[in-house]
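If you read the sequence from its start, that first residue is 1, and numbering goes on from there.
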Amino acid sequence: MTKISEIYHTKPTPVLSFEIFPPKKEGGIESLYRTLDEVNPQKLGVDFISVTYGAGGSGDNTMTRDLAQYIQTHFGVTALHHLTGVNQTPESLRDNLEKIKQVGIENILALRGDLPDKDYVNANYPYAKDLICDIKAFSGFNVGAAIYPEGHVDNPITGISVAGVKEKITSGTDFLISQFFFENDVYYHMQEVLKNNYIKVPVSAGVMPIISKAQVERMTYMIGSSLPARLVKLIHKYENNPEDLKKAGIDYALEQIQDLLDHGVDGIHLYAMNRPSVLKSMLPIINQEIAAKHF
């Protein structure tokens, strides 16, 4: 399959991607396969699909590899295999990379990962940059990394860490995907900071539609993304009407995406949360808007 950095450099319009995760419930994988079949990502112009790794380095992460392989063989769409440093050793990393390579996956999103507890320390891979270094040393992989427009939730300093981004790039990062945000000016400020520091790797803007009040409370607590006043009012307005909140949340995200595309972003990365309704309602519209950018 295609290396993702090549897609960024050769595609005349912004790159389109979305994230899915291996289901925890029994029988969930068949449901996810059906969802992907119904969506038909290749037909909707999706350039790659990222597949997450077990939280805290736990769980059977074979499913990540199997799902990524299915995406590539069944749809002909490039898969981005997440890989975390949590609970990883150089030996386990090499074993994982060999297995990933054997099934034809060439793209990895390297992350530190969510820590199992606040006192956890991984001496081998304390930061994503350390993991990236060893993945690149293995050779052959295109490596992406995360970028945080509002700063990492574990970092006491608010805002993007230029030093952290530079370390990831020096370690071998080929492209970046941003954490989701709800205020586009936050992303545009990040772009300006990157430009002023001569950081030129491609970056996809991460967007997550709000589909429930519980979801936004949970995710903003975990990630630390700020909520603009307009969005707070929208959540309160529809908090007792789940369907209307979901529709309003999707509309808000689509407005974000339209504005991002108007500002010439490198790509859009949709955090779809395995929701068929999100993918089916949003992807055709995003694909149409991206196609309109090709003059």
Side-chain angles (χ1 to χ4, degrees), residues 4-19 47-48 50 80 109-112 127-129 132 142-210 216 219-220 222-232 234 252-271 282 286 289-290 292-295:
I4 289 172
S5 61
E6 293 175 7
I7 300 174
Y8 282 108
H9 292 306
T10 59
K11 191 181 180 188
T13 54
V15 170
L16 175 59
S17 58
F18 66 85
E19 178 187 283
D47 295 293
F48 69 87
S50 71
L80 176 61
L109 186 68
L111 306 158
R112 183 200 68 178
Y127 301 104
K129 65 181 177 67
I132 293 163
N142 209 223
V143 179
I147 187 168
Y148 303 88
E150 297 181 85
H152 194 282
V153 69
D154 292 338
N155 191 331
I157 300 172
T158 302
I160 181 175
S161 169
V162 174
V165 174
K166 285 185 173 180
E167 285 176 338
K168 289 178 180 180
I169 293 170
T170 301
S171 298
T173 297
D174 297 294
F175 60 93
L176 296 162
I177 296 176
S178 91
Q179 184 55 269
F180 60 80
F181 52 91
F182 299 109
E183 177 58 69
N184 284 4
D185 283 345
V186 168
Y187 190 82
Y188 301 144
H189 174 71
M190 181 197 78
Q191 284 184 310
E192 193 65 26
V193 171
L194 295 179
K195 180 182 176 181
N196 292 340
N197 285 274
Y198 308 100
I199 297 171
K200 298 180 180 180
V201 298
V203 187
S204 273
V207 177
M208 185 185 75
I210 287 174
V216 73
M219 296 306 290
T220 51
M222 290 174 60
I223 305 301
S225 299
S226 59
L227 293 176
R230 180 186 163 212
L231 190 54
V232 172
L234 183 150
Y252 183 94
L254 287 170
E255 284 182 29
Q256 269 192 279
I257 290 166
Q258 179 65 69
D259 185 66
L260 289 163
L261 292 173
D262 288 343
H263 279 76
V265 295
D266 297 322
I268 297 294
H269 187 68
L270 184 63
Y271 293 94
M282 293 187 71
I286 300 169
E289 290 175 352
I290 287 176
K293 299 299 172 188
H294 183 40
F295 300 104

State, with a plain yes or no, whether a side-chain heavy atom of [X] is found less than 4.5 Å away from one of [Y].
X      : Y      : answer
Val216 : Leu231 : no
Met208 : Phe182 : yes
Tyr271 : Ile177 : yes
Leu80  : Phe48  : yes
Leu234 : Ile210 : no
Pro209 : Leu270 : yes
Val207 : Tyr252 : no

Which pair of heavy atoms, one from [X] and one from [Y], lies closest together, and at what distance?
X      : Y      : result
Val143 : Ala110 : CG1-CB, 4.0 Å
Ile132 : Ala145 : CD1-CB, 4.0 Å
Ile257 : Met282 : CD1-CE, 3.8 Å
Pro202 : Asp174 : CD-O, 3.6 Å

Please determine which of Val203, Val201, Ile199 meets the side chain to side chain contact (heavy atoms under 4.5 Å, CB included) test together with Ile147. Val203

Pick out which of Ile290, Asp266, Asp47 makes a side chain to side chain contact (heavy atoms under 4.5 Å, CB included) with Pro14. Ile290

Should the ring pair Phe175 and Tyr8 be called parallel, tilted or perpendicular, given that the plane angle runs from 0 to 90° and is split at 30 and 60? tilted

Centre-to-centre under 6.0 Å for His189 and Tyr187, is that the case here? no

Taking the ring centre of each residue, are Phe18 and His269 less than 6.0 Å apart? no

Check this for me, if you would: do Arg230 and Glu255 make a salt bridge, where the nitrogen-to-carboxylate-oxygen distance has to be below 4.0 angstrom? yes

Side-chain donor-acceptor contact under 3.5 Å, Glu150 with Ser226: yes

